[in-house]
Number of protein chains: 4
Amino acid sequence: MSCVVRSPSQQPLDGKPAARVLVAGASGYAGALAARLVWRHPHLELIAVGSRSDAGRRLDDLYPHHRVPLELAELDPADPPECDAAVVAYPHGAAAPLVAALRERGVKVADLSADFRLADRTTYESWYGEHGAPQLFGAAAYGLPELHRDQVAGAELVACPGCYPTATLLALAPLAAAGLIADLVVDAKSGVSGAGREGGDRVKFVAADENLTPYGTGGHRHTPEIGEQLAGLGYAGPFTFVPHLAPLDQGELVSCYITPTQSLDRGELLDLYKEQYADEPFIELTDTPPGVRDVRETNMCRLHVTVEGGVDAPSDGVPRGAPQPSRKSGRSSRSRAGEGASHPPRVLAFAAIDNLWKGAASQAIQCLNLMLGIEETEGLL
Amino acid sequence: MSCVVRSPSQQPLDGKPAARVLVAGASGYAGALAARLVWRHPHLELIAVGSRSDAGRRLDDLYPHHRVPLELAELDPADPPECDAAVVAYPHGAAAPLVAALRERGVKVADLSADFRLADRTTYESWYGEHGAPQLFGAAAYGLPELHRDQVAGAELVACPGCYPTATLLALAPLAAAGLIADLVVDAKSGVSGAGREGGDRVKFVAADENLTPYGTGGHRHTPEIGEQLAGLGYAGPFTFVPHLAPLDQGELVSCYITPTQSLDRGELLDLYKEQYADEPFIELTDTPPGVRDVRETNMCRLHVTVEGGVDAPSDGVPRGAPQPSRKSGRSSRSRAGEGASHPPRVLAFAAIDNLWKGAASQAIQCLNLMLGIEETEGLL
Amino acid sequence: MSCVVRSPSQQPLDGKPAARVLVAGASGYAGALAARLVWRHPHLELIAVGSRSDAGRRLDDLYPHHRVPLELAELDPADPPECDAAVVAYPHGAAAPLVAALRERGVKVADLSADFRLADRTTYESWYGEHGAPQLFGAAAYGLPELHRDQVAGAELVACPGCYPTATLLALAPLAAAGLIADLVVDAKSGVSGAGREGGDRVKFVAADENLTPYGTGGHRHTPEIGEQLAGLGYAGPFTFVPHLAPLDQGELVSCYITPTQSLDRGELLDLYKEQYADEPFIELTDTPPGVRDVRETNMCRLHVTVEGGVDAPSDGVPRGAPQPSRKSGRSSRSRAGEGASHPPRVLAFAAIDNLWKGAASQAIQCLNLMLGIEETEGLL
Amino acid sequence: MSCVVRSPSQQPLDGKPAARVLVAGASGYAGALAARLVWRHPHLELIAVGSRSDAGRRLDDLYPHHRVPLELAELDPADPPECDAAVVAYPHGAAAPLVAALRERGVKVADLSADFRLADRTTYESWYGEHGAPQLFGAAAYGLPELHRDQVAGAELVACPGCYPTATLLALAPLAAAGLIADLVVDAKSGVSGAGREGGDRVKFVAADENLTPYGTGGHRHTPEIGEQLAGLGYAGPFTFVPHLAPLDQGELVSCYITPTQSLDRGELLDLYKEQYADEPFIELTDTPPGVRDVRETNMCRLHVTVEGGVDAPSDGVPRGAPQPSRKSGRSSRSRAGEGASHPPRVLAFAAIDNLWKGAASQAIQCLNLMLGIEETEGLL
């Protein structure tokens with residue numbers, strides 16, 4: 001019904017015209033959201049929305065709540081439209097050729113696929129098959145601004161992390177950098193949108209509703225990505241990563257169980273995280289465990305870290321009125337003389353993000369902002 | 001509207017009359033379900049449903065889908081009605097005096113509270129305060145029939161496990177008994193009914209819907225119960241247990257991450273579990289990770305165990321068409337030379353139950369069946 | 001895992017062997033549930049489960065919670081297996097040939113498709129195309145036992161009603177029979193399972209979750225079925241029927257707004273319904289509006305009827321502490337001098353069922369019980 | 001963690017400073033959202049957030065996703081803080097005295113309670129008891145800008161409509177104004193947040209999840225409000241209004257069934273709505289029935305109108321491949337010779353809004369924008 005053809009929010013930036021942005025793959029969940037964020041961004045102009053499956057349909061017909069009144073167009077991957085920057089939200093494998101064509105034209109690209117995330121090509125090929133643009137393999141900055149801000153700002157091609165790596169790496173970076181991780185378990189839970197629009201039987205309402213199930217226990221695509229990045233941050237040891245599908249549409253929680261290389265008290269732990277994240281506009285350190293609802297439809301990551309046996313804010317699981325000392329001894333499984341492994345009290349780190357926002361589309365915009373010299377938080381607060 | 005006053009399903013058992021059963025605390029979620037299961041049980045007669053908060057209301061007014069057409073009565077804890085057996089679903093602390101009064105009258109009791117679950121009284125008191133029936137402390141069998149069948153069958157008082165211990169212990173018992181656990185992380189997820197009818201703000205729809213949150217990270221009541229029981233099974237070492245609240249009404253999944261004392265291959269692991277559980281009517285070993293929906297409204301526990309790096313049935317996380325060998329190497333984080341802890345490949349064990357059924361009410365009936373000499377599966381299949 | 005090959009619950013009926021029952025279409029939601037109900041029925045033997053799409057898979061692999069340990073078989077519609085009775089849960093159009101083949105072999109059939117529900121063949125063909133077994137058109141009893149018990153009991157072929165007609169007709173039958181309906185609006189709400197396993201984009205979790213939407217406003221297949229049946233009951237006038245998709249898996253609520261032919265007070269209305277339904281084992285008249293949760297996983301229909309402006313049990317919408325008389329006048333929109341239509345106070349009738357149970361599978365078993373001379377409620381309470 | 005003390009988005013408006021705005025009742029769902037919208041509004045400054053129940057807590061502790069880093073303060077209703085404008089989100093009855101105090105100080109007020117919505121004081125008192133500021137009764141503009149823009153723009157006190165009246169009136173206004181309504185049924189469905197933070201047992205997750213239930217069938221508070229407003233728009237006749245509680249957090253759908261005073265074809269109907277709403281920034285006329293998900297977290301109202309028997313866009317309920325003419329005759333219940341009421345084909349109107357946004361908080365900001373001479377859509381697109 002609406003016949004707006006230009007975003008209402010566009011403003012020139014320091015006298016310069018808004019950057020012209022293409023969103024390819026705008027009929028998927030993440031691409032559609034990226035289109036909306038570009039559409040409402042004061043310094044970006046959405047020049048086209050591409051779709052391989054739904055060309056000809058209006059984006060606001062497919063996703064009315066995003067309210068982007070543009071028609072989806074079929075893109076020729078070898079000859080993409082002229083623009084200054086692009087968000088590519090194509091599936092793994094399909095992204096590489098389009099990204100290559102865009103790069104040849106000098107277009108800055110934030111790519112949401114796995115095609116440019118990995119450093120090891122053998123690993124890539126064992127998971128995804130032959131690479132579609134080998135000349136660009138390894139050429140991208142890893143698009144997690146909180147950990148690689150300068151590289152992202154200087155990059156022409158950014159590989160935006162998957163949602164699981166985003167949350168996991170933000171949860172662990174300070175510990176990894178300090179060499180404090182001896183062993184690691186990551187139990188991750190994602191909303192159903194994380195499985196994508198073509199997610200098969202398990203994304204049907206009747207299958208996912210009132211359900212909760214682990215998956216990928218024989219190996220998940222995000223494991224090598226997490227492994228490479230953790231190694232880059234300072235932890236190259238073993239870890240276990242298991243994702244779970246939870247009955248909610250958007251949102252992701254990772255629960256990280258870290259065996260530390262040495263004993264830490266909670267104060268030291270908090271200092272470590274505050275030091276790294278104090279000035280981050282999109283990270284909040286919380287006193288209590290975060291819920292995914294707290295970050296719904298935002299670019300925020302809420303982090304909570306604690307040491308097992310340490311005292312958190314009261315919760316329903318905590319005994320009321322019990323004397324502190326006996327309570328501690330009553331609670332802690334550590335006081336037991338173990339026959340098994342002996343190690344310092346475990347460190348717990350929890351991160352909550354919106355898998356479609358910070359885990360995909362809004363993080364891509366955060367990267368674009370940096371790549372284009374725009375304020376990093378623009379269009380995202 | 002209905003005016004049925006006797007359960008339609010009652011049948012004499014081998015010529016003996018049905019056992020007369022009281023359900024106390026029938027206005028809570030677990031108690032109400034226990035009342036329904038007794039009501040429809042062929043060899044049990046539901047003689048009364050007690051409630052501290054809703055006396056005078058009909059149970060089928062409060063929980064229509066259970067369809068138990070009886071009025072909730074206020075019970076005098078010091079003078080409970082005459083009966084052969086009772087399910088007590090009172091809160092922790094309130095249960096003990098009623099249980100004691102019932103035991104004095106010779107009534108067999110399946111108690112759903114924590115009052116008789118723990119062996120260590122100091123631990124009990126540090127979590128729950130003074131015990132209401134110290135003469136009975138330590139007198140109960142632990143009501144997990146798969147692990148303590150004979151004790152339950154011979155008991156006059158059974159302490160039914162909490163929902164988290166039920167799932168956790170079933171997931172770990174074969175490994176614990178074989179001395180194979182060196183270290184352990186348990187990440188547990190429960191539906192909202194697990195927090196009870198009086199669960200505060202977090203059990204409101206607007207708070208729990210589209211949410212997922214860890215809690216009790218400073219210590220959860222079920223930790224000492226799990227610790228004591230694991231020790232009894234053979235593992236007295238350290239472990240980490242973190243519960244999470246998930247947006248579903250009934251259901252519970254525990255994801256157990258076990259560092260084994262020695263390398264295991266998946267075949268050995270499966271043999272261990274098959275040996276212990278092959279004949280268990282309420283345990284299913286599954287080839288793929290279980291979902292809580294698979295056990296909804298049943299007394300079943302579905303278990304899946306695997307060794308990290310082992311090959312499961314294909315799942316969406318597994319690369320398709322990738323050559324097995326490179327895929328394995330691509331996937332495994334273990335192949336990396338770690339600076340951190342070095343240990344055999346981790347073992348993963350997942351258990352899915354319905355927290356209100358196998359985690360509470362139907363397990364209580366399973367125990368009553370054993371205590372009363374009724375076929376263990378009666379009324380539960 | 002289980003290797004049970006015969007239902008554990010089977011018992012001879014009065015010395016006669018259990019009836020051998022085929023369930024065709026057991027890989028759909030309704031067919032799978034029918035298979036479970038037959039499997040656990042004391043007097044029915046489940047001899048085979050057929051599937052057009054999933055032959056070779058185990059039914060308890062596809063739907064673990066139903067726990068039917070049988071392999072789905074491909075059926076030759078022209079040569080179905082020998083049996084005494086069958087539940088056919090094929091899509092409209094595909095059902096007719098199989099039903100015809102079963103009938104030729106003397107098999108009693110409860111059919112869940114629309115193929116035999118309608119009396120008017122032109123109407124059938126305008127909605128579904130050519131009929132696949134014209135010789136049987138009009139030969140079936142309409143499988144709503146509460147309204148057509150004798151016909152069902154004497155029938156060889158029963159056309160089980162759709163879920164919307166089931167709830168709507170039960171809600172309206174007493175009024176229709178008494179000639180009290182002058183005009184009618186039916187606003188129906190169904191859970192997502194009502195759209196079937198192949199329901200397209202709208203049955204995906206991300207589309208259905210947190211959503212609620214009308215559909216079929218240009219005409220819904222159930223409208224002619226409701227119209228024909230209402231006419232048979234005594235109301236052949238106009239009505240409006242609009243279905244809505246609600247974010248729940250199972251359950252259906254119909255809200256009926258009846259303009260009566262004459263003024264009724266609430267007492268008269270209740271008497272009418274009590275008279276018709278007093279002895280019905282699967283109908284409950286309730287004092288307050290029913291919720292679909294109240295009938296979840298049951299064969300029950302909960303009905304609530306009232307006259308607008310009449311006084312129901314207090315609810316959150318009712319003013320507290322307001323004087324009755326002024327409250328009445330304050331509340332009623334009827335007291336306003338209308339320029340528009342003038343008619344007696346509207347009658348409201350609400351019916352809640354589980355769309356997969358009373359709206360499909362369990363009602364089919366209720367019909368089979370009648371057709372086979374088994375107690376009507378057997379296997380359903 | 002954040003220590004921002006001024007909204008980052010504030011900008012002067014045409015050289016004038018931003019208006020200083022108080023939000024009272026910011027610990028409730030609607031008040032908290034209003035605070036967020038003011039906080040992020042370019043031309044409003046949030047000077048204080050008041051709460052009767054949670055004073056001393058941070059708003060971003062209570063509702064993290066709104067991210068308003070201010071402490072909730074206890075307000076003295078007789079002596080509110082100095083400001084230019086206020087959003088009052090107090091419960092009915094409690095609002096009036098505070099509003100009166102604010103008005104005495106010359107503060108412009110958008111009130112979300114029912115205290116100033118009704119024109120008839122007897123009606124008010126029969127529902128809510130004595131009025132707390134009788135001197136202001138009748139003094140407010142009715143805050144539905146699409147229908148009363150000029151009054152709102154000129155008002156010092158605006159009574160924001162309830163969520164049900166908002167959706168219902170927008171759905172019906174063109175028909176009412178044209179004198180086309182002869183009779184009317186409104187079946188409304190609301191998400192659980194509509195019942196407020198203190199909604200009792202029925203707002204608990206375990207009660208609301210997988211449920212759907214009518215309520216207020218004996219009279220709902222919004223009925224007189226709808227009645228008065230419809231009368232003002234041109235329809236003073238009878239109508240039936242029944243609200244339902246649906247298992248979603250935010251969102252509302254009203255389904256209106258209109259018996260028209262004369263026959264309308266769909267084209268005439270659409271013209272009527274386009275004429276009234278063509279230029280409305282917050283109303284979208286849709287070709288297919290709207291879902292509440294389409295307007296989630298927006299100030300939009302999506303409207304769909306059709307004439308029964310008219311042809312909508314294809315939907316799953318529509319027969320495929322059936323010849324149009326026979327399909328029409330097959331579908332229409334109107335072709336049947338009725339013994340009952342005879343009237344032109346019914347008109348259907350559906351409106352979807354977010355009950356917390358357009359149904360409460362964002363509509364209050366829309367009103368404030370008008371009252372303060374700010375662009376109506378500012379802060380809302």
Side-chain angles (χ1 to χ4, degrees), chain C residues 123 126-127 129 181-183 185 187 189 210-221 223-224 227 236-240 242 246-249 251 253 255 257 259 289 291-293 296 306 308 311-312 315-319 321-322 326-327 330-331 333-334 336 338-341 346 348 350, chain D residues 123 126-127 129 181-183 185 187 189 210-221 223-224 227 235-240 242 246-248 251 253 255 257 259 289 291-293 296 306 308 311-312 315-319 321-322 326-327 330-331 333-334 336 338-341 346 348 350:
Chain C
T123 303
S126 75
W127 283 90
I181 304 178
D183 194 10
V185 168
D187 183 294
K189 300 97 177 161
E210 303 296 328
N211 205 353
L212 187 56
T213 182
Y215 67 101
T217 52
H220 186 276
R221 285 168 167 173
T223 307
F239 67 97
T240 295
V242 175
L248 44 98
D249 59 358
L253 178 76
S255 305
Y257 303 91
T259 309
V292 299
R293 196 179 176 89
R296 191 181 167 88
T306 190
E308 203 177 29
V311 178
D312 276 332
S315 84
D316 275 33
V318 173
S326 71
R327 169 179 151 197
R331 176 183 57 230
S333 55
R334 310 253 143 244
R336 211 167 286 120
E339 310 146 20
R346 211 165 245 127
L348 313 181
F350 303 94
Chain D
T123 302
S126 74
W127 282 91
I181 304 178
D183 193 11
V185 168
D187 183 294
K189 299 96 178 162
E210 304 296 328
N211 205 354
L212 188 56
T213 182
Y215 67 100
T217 51
H220 187 275
R221 286 167 166 175
T223 306
Y235 176 66
F239 67 97
T240 296
V242 175
L248 43 98
L253 178 77
S255 305
Y257 302 92
T259 308
V292 299
R293 193 176 180 91
R296 190 180 168 90
T306 190
E308 202 177 29
V311 178
D312 276 332
S315 83
D316 276 33
V318 173
S326 72
R327 171 180 151 196
R331 177 182 56 230
S333 54
R334 311 253 142 245
R336 211 164 289 121
E339 309 145 20
R346 210 165 245 127
L348 312 181
F350 303 94

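Per chain, numbering begins at 1; letters A, B, ... match sequence-line order.
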Spacing of [X] atom [atom1] and [Y] atom [atom2] [to the nearest 0.5 Å]:
| X | Y | atom1 | atom2 | answer |
| --- | --- | --- | --- | --- |
| D:Leu248 | C:Glu210 | CG | CD | 5.5 Å |
| C:Leu212 | D:Leu212 | CG | CG | 7.5 Å |
| D:Lys189 | C:Leu253 | NZ | CG | 9.5 Å |
| C:Thr213 | D:Arg293 | OG1 | CZ | 12.0 Å |

Which of C:Pro247, C:Ala246, C:Ser255 touches chain D most, by non-hydrogen pairs under 4.5 Å:
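So the answer, after comparing C:Pro247, C:Ala246, C:Ser255, is C:Pro247.
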Please assess C:Thr217 against D:Glu308 for the test side-chain contact (heavy atoms from CB on, under 4.5 Å), listing each intermediate value before the final yes or no.
CA-CA 7 Å; C:Thr217 52; D:Glu308 202 177 29; over 6 Å; no
Test item: C:Asp183 and D:Arg346 side chains (from C-beta on) under 4.5 Å apart, heavy atoms
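Contact flag for C:Asp183/D:Arg346 side chains = yes.
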Using modelled atom types and a 3.5 Å cut-off, is there a donor and acceptor pairing between side-chain atoms of D:Asp187 and backbone atoms of C:Asp187?
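Flag not set: sc D:Asp187 to bb C:Asp187 has no pair under 3.5 Å.
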Minimum heavy-atom distance C:Pro214-D:Pro289, with the two atoms named:
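Distance-wise, the nearest heavy atoms are O-CB, 3.3 Å.
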